[in-house]
2 protein chains.
Amino acid sequence: MATLKDVARLAGVSVKTVSNVVNGYSFVKPDNRRRVEEALEATGYRPNLGARNLRRGRTGFIALVLPELSIPYFAELAGLMIAAAQEHEWNVLIEQTFGTLSGERLALSSLGPHLVDAAVLSPEALQVEDFQLSVPAVVLGEHAVDVPLSRVGIDNVAASTAAVRHLISLGRRRIAAIGAHPQRGTAALRLEGYRAALAEASLPFDSSLVVPALNYHRADGAAAMKSLLDMRNPPDAVFCFNDLLAVGAMRTAAERFVRIPRDLAIVGFDDNDESAYTSPSLTSVAPDKAAIARAAVDLLRQRVDSPDLVPDDVQTPFSLQVRESTVAR
Amino acid sequence: MATLKDVARLAGVSVKTVSNVVNGYSFVKPDNRRRVEEALEATGYRPNLGARNLRRGRTGFIALVLPELSIPYFAELAGLMIAAAQEHEWNVLIEQTFGTLSGERLALSSLGPHLVDAAVLSPEALQVEDFQLSVPAVVLGEHAVDVPLSRVGIDNVAASTAAVRHLISLGRRRIAAIGAHPQRGTAALRLEGYRAALAEASLPFDSSLVVPALNYHRADGAAAMKSLLDMRNPPDAVFCFNDLLAVGAMRTAAERFVRIPRDLAIVGFDDNDESAYTSPSLTSVAPDKAAIARAAVDLLRQRVDSPDLVPDDVQTPFSLQVRESTVAR
DNA sequence: CATCGTTGTTCCAACGATGTAAAGACCGCT
DNA sequence: AGCGGTCTTTACATCGTTGGAACAACGATG
């Protein structure tokens, strides 16, 4: 692998001049510049990022701390994050926490200025005392605890209200919610939006229609749906706090020959790619994931350049994708 | 951030002694070792990986070059790869190519010994002349062209034969295949397995039942299925070269009120998480993804340690997950 | 007590890049 | 010719770490 030294020898100039050419420094004689460029070409020189970053005091990496790549929402987001980071010449390091407190602590402890310049976090269980980061960080979605970090995400209350309002507008009156969770800030806000939409329509809030979910996987949605269908007076609609729960719920409904949307309307959250292809396809709250990724990376760029900026809170847009799980073809 | 120098000053020893303690060198006086360890603790020292790797000539990263994280198979694989790499103290750098030749070339060109120690590749369009890697690499799945790189993956012919044999055992006689592709080695092998199973059962090979797919996304499966259902004599079963195609195909079938599995049985490939939750659930060839990830990383570890090893070819196990898309509940 | 081998420690150089300071080249001006 | 100023290049130190050589301390040995 060619180094600056090799290129310099070949071009007959000093190492620094080559460095200047590589970094686009203005004052290089055209003649030298040409010779250096030829030498760069001839040797196929690639800067050694480790060395460069050592000298510059930056690493060129940002961490993306998320529960699991096998969860479609995070996989899609990770893909967009990688693309957004590329614009800032950042590489993305993905750390999986599996949604556990110990996993999240482990991931955070391995972070640090020597490894990454900044971090994007999707915490689920972290406590306030864990947020002693040594690099700028952005939190995606809400966090139950109040920490002085920037946040990027949609307005969960408004989005949830919109989803439930949609169900109400279709004439549904017994609307259940799947995904309540004592620890997750996001769950609390989505529940709040659900209640707000009910209140707005003067519908009663029935706590027996709110089903908790320990995890947000398909299996949890399927289990939650079973308990709802076993009720003496089952719901005529369900608002699921993410699409995986909704997919699980739809699966249970199909097993029990409950017709969707006629007997039961379902709305999800996240708008995973798969949700347009289920049968019936799934109505879902669609956050603008690309906007989230861009906003997160932009925030980090600012915080890295000027570390004293106060935490910011960026609200990204969302929309409601209406599909067959609420409105039949 | 504390450096070795800071720790050394605090412990009253030389930098090298601290380095020796950090790296587990045996001959350090117990007394000094204790003092150094205390100082390490007190300062919260973390080695600067950039500097260490610069000195050691390694980077501590491996690249994972894949089409797209939004494709569930690759997302799941990436998660497992990260876990497997961790065992070898490697971090994983994910590069998305979007399945295009230019994307793949770009990703490969950005690789190099200064950035990663090794690479795992999932190429789709690469030509033989592109495989001029400067670091050890492993290819996942088949590649159309013959390159001197190690390979990890399942026996695609055997797996496809098993899938089609399963359909035949259920009495299906007009079995279509979705996913033929001129460039992809994997597609050729799955087609070969399909033909082998037909031949084995003395069923005729009908090329009009083989539908190509440019990409392997859900939309391509849906489109392919449309063309099959428009035939004068449509198939009674379909073997899809991946689960996304199968999900798309099922979606089209549902739109046309084709009953699965009664009118049409469907088998997919990859066994994505979502395939157990579709309605009906999807029968699929299930490669052992964890085994693939482990094998790939192990191969790379060997190749990095002894670069002269000849290319190897590791076959990982697979199974057929039989579900409702072929056998009704 | 000189010698030896084993331990334990320090000093120095190096990995590849870049910032700084200083030196050199060149220009026009008096 | 001498001066001041703008370009242009170079030598050197430095980022944090580790390998190697050199050195120091030690008890054991002849």
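Proteins get letters first, then strands, A, B, ... in listed order; numbering begins at 1 in each. Side chains are part of it too, since the values below use all heavy atoms of this structure and drop only hydrogens, waters and symmetry mates.
Comment: Asp298(B) does not engage Arg301(B) in a salt bridge, judged by the lack of any side-chain N to carboxylate O separation of less than 4.0 angstrom.
Atom-to-atom, CG of Leu54(A) to C1' of dT18(D) comes out at 13 Å; the value is rounded to the nearest Å. The nearest whole Å value for the distance from the NE2 atom in His114(B) to the C1' atom in dA17(C) is 13 Å. In this structure, Leu115(A) atom CG and dG16(D) atom C1' are separated by 15 Å, rounded to whole Å. In this structure, Met1(A) places its CE atom 14 Å from C1' of dA17(C), rounding to the nearest Å. Taking atom CZ on Arg58(A) and atom P on dG19(C), their separation rounds to 12 Å, with Å as the unit. Spacing between atom CZ of Phe27(A) and atom C1' of dA21(C) amounts to 17 Å, rounded to whole angstrom units. Straight-line distance from the NZ atom of Lys16(A) to the C1' atom of dG24(C): 16 Å, rounded to whole Å. Note: CG (Asn23(A)) to C1' (dA17(C)) measures 9 Å, nearest angstrom.
Heavy-atom distances to DNA chain C give each of Val13(B) and Gly50(A) a nearest nucleotide, and the one nearer the 5′ end belongs to Val13(B).
For the pair Arg52(A) and dG16(C), the criterion of a side-chain N or O lying under 4.0 Å from OP1 or OP2 is not met.
At a threshold of 4.0 angstrom between heavy atoms, the contacts of Thr3(B) are confined to the sugar-phosphate backbone, with no base atom among them.
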